[in-house]
Amino acid sequence: MLKVDELVAVRVPTIVKESARDLARAREDARVQLMMCRHRLSKLLLRRNFNYDGSTCWGPTHEAWLRRIRKNELTPLGTGTLAAFDAAFDAATLGLARRDRLDEQISTMAADSQFTPVTNRLYCLRGINTLTGFALAVELGDWDRFTGRTIASYLGLVPSEHSSGTTRSLGGITKTGNTHARRLLVEAAWHHKPLYRPGKTMTDRWAKASTQAAARGDAGNRRLNQRWNTLSSHKKKHTVACTAIARELAGWCWSLAVMDD
């Protein structure tokens, strides 16, 4: 089987890579837990007809509103409701502190580790910040085992197929492979929908990478924004268009990751 090239090589991660992957996945777990805690708190208030009419939730203004509701409105509703509110509020506060601690550790490792060059090159694309770039770098590990065509299938971003004879039928994406990396790419794809105008944030990211990587990232940003406009003009659903952009974004990430500094 080896002689006829039927064996697929398996990449065994090193201790350093596995440690970095544990950190990225711990941050993902913290994000999910924080979202669940916040949902419990908001739905508790929603059942009592308390609706926050501000523009931004879970910021200082929203927290002040929560404390005001706790002090002035929940007392007449009984000790059980107060206890449930306090438990949900404390869980959300602790979850936020946990997530922020992990963010700091990821920022430190992303700035000075063996993953820094790849992370800095991935920065050149819109929608990819420190957390996303670092997570993609550690989750995919050895990017050289992929090509621009195969990385999307590895991440489960290609259409499923149900074919028989001469009939070829395509369905939804396969959703195989690395779930964490696929979610990050889909979220990053939404950032390519607005009009592309490189600002200070993007130019600062380009300064951390080589000139070739910056030029490649700029070309990718323009291409993906153009693709969004084309898909929108064809009246594609936003979710379908976002998945298509995420599939192409995976190829642009690969081209940057395998680029020499």
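Just so you know, these numbers come straight off a predicted model, no measurement behind them.
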### Query
Does atom NZ of Lys43 have more than 12 heavy-atom neighbours, drawn from other residues, nucleotides or ligands, at distances under 6.0 Å?
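Above 12, so yes.
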
### Query
Any chance CG of Leu7 has more than 12 other-residue heavy atoms, nucleotides or ligands included, within less than 6.0 Å?
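Yes, the 6.0 Å shell around CG holds more than 12 heavy atoms from other groups.
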
Closest non-hydrogen atom pair between [X] and [Y], with its separation:
| X | Y | value |
| --- | --- | --- |
| Ala111 | Thr116 | C-OG1, 3.4 Å |
| Arg121 | Ala257 | NH2-O, 2.8 Å |
| Arg126 | Pro194 | NH2-O, 3.0 Å |
| Gly156 | Ile173 | O-CB, 3.5 Å |
| Ala110 | Thr119 | CB-CG2, 4.5 Å |
| Trp143 | Leu136 | CZ2-O, 3.5 Å |

Hey, is the main chain of [Y] close enough, under 3.5 Å, to the side chain of [X] for a donor-acceptor pair?
| X | Y | answer |
| --- | --- | --- |
| Asn221 | His192 | no |
| Ser255 | Trp252 | yes |
| Ser210 | Ala213 | yes |
| Arg182 | Thr176 | yes |
| Arg98 | Leu34 | no |
| Arg99 | Ala30 | no |
| Arg205 | Cys124 | no |

Are [X] and [Y] connected in the hydrophobic side-chain network, where two residues link if heavy atoms are under 4.5 Å apart?
| X | Y | answer |
| --- | --- | --- |
| Leu66 | Phe50 | yes |
| Leu77 | Leu46 | no |
| Phe134 | Trp206 | no |
| Trp228 | Val186 | yes |
| Val118 | Leu131 | no |

### Message
For a side chain to side chain contact (heavy atoms under 4.5 Å, CB included) check, start with the C-alpha distance between Leu140 and Cys253, then their side-chain angles and the critical distance, and finish with the verdict.
### Response
CA-CA 11 Å; Leu140 273 72; Cys253 289; over 6 Å; no

### Task
Determine, stepwise, if the pair Arg31 / Glu28 fulfils salt bridge (charged side-chain N to carboxylate O under 4.0 Å, His left out).
CA-CA 5 Å; Arg31 181 194 67 83; Glu28 174 70 6; 2.9 Å; yes

#### Entry: Any residue meeting side chain to side chain contact (heavy atoms under 4.5 Å, CB included) with His162, in chain and number order, not counting sequence neighbours
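Result, side chain to side chain contact (heavy atoms under 4.5 Å, CB included) vs His162: Ser160.
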
### Query
With respect to Leu249, which candidate in Leu184, Leu185, Leu157 satisfies the side chain to side chain contact (heavy atoms under 4.5 Å, CB included) definition?
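Of the listed residues Leu184, Leu185, Leu157, the side chain to side chain contact (heavy atoms under 4.5 Å, CB included) partner of Leu249 is Leu185.
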
### Message
Please determine whether side chain to side chain contact (heavy atoms under 4.5 Å, CB included) holds for the pair Tyr196 and Arg223, giving the CA-CA distance in whole Å, both sets of side-chain angles, and the decisive distance to 0.1 Å.
### Response
CA-CA 10 Å; Tyr196 176 56; Arg223 161 69 181 179; over 6 Å; no

#### Entry: Where at least one partner belongs to residues 189-203, residue pairs that pass salt bridge (charged side-chain N to carboxylate O under 4.0 Å, His left out), sequence neighbours excluded
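Salt bridge (charged side-chain N to carboxylate O under 4.0 Å, His left out) check on residues 189-203 returns Lys200-Asp204.
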
### Query
Which is it for Thr132 and Asn129 under the side chain to side chain contact (heavy atoms under 4.5 Å, CB included) test, yes or no, and what are the steps along the way?
CA-CA 5 Å; Thr132 303; Asn129 56 11; 3.1 Å; yes

For a 4.5 angstrom cut-off between non-hydrogen side-chain atoms, does [X] reach [Y]?
| X | Y | result |
| --- | --- | --- |
| Glu161 | Thr174 | no |
| Leu122 | Phe115 | no |
| Glu187 | Arg183 | yes |

Report the distance from atom [atom1] of [X] to atom [atom2] of [Y], rounding to the nearest 0.5 Å.
| X | Y | atom1 | atom2 | result |
| --- | --- | --- | --- | --- |
| His238 | Leu231 | NE2 | CG | 10.0 Å |
| Arg27 | Asp100 | CZ | CG | 8.5 Å |
| Phe85 | Arg67 | CZ | CZ | 8.5 Å |
| Ser107 | Asp112 | OG | CG | 13.0 Å |
| Asp90 | Asp86 | CG | CG | 6.0 Å |
| Leu23 | Arg25 | CG | CZ | 12.0 Å |

### Message
With side chain to side chain contact (heavy atoms under 4.5 Å, CB included) as the criterion, how do Thr93 and Glu63 come out once you've worked through the C-alpha distance, each side chain's angles and the decisive distance to 0.1 Å?
### Response
CA-CA 10 Å; Thr93 302; Glu63 183 177 347; 5.7 Å; no

### Query
Does NZ or CZ of Arg145 fall inside the cone over Tyr154's six-membered ring, less than 6.0 Å from its centre and within 45° of the axis?
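Because its charged atom sits under 6.0 Å from the ring centre and within 45° of the axis, Arg145 does stack over Tyr154.
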
### Query
Between Thr147 and Thr150, does any side-chain donor sit less than 3.5 Å from a side-chain acceptor?
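On atom types as modelled, these side chains qualify, holding a pair under 3.5 Å.
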
#### Entry: For Trp65, ring pair (Phe, Tyr, Trp, His ring centres under 6.0 Å) partners two or more places apart
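Testing Trp65 for ring pair (Phe, Tyr, Trp, His ring centres under 6.0 Å), a comparison that skips the adjacent residues, returns Tyr52, His62.
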
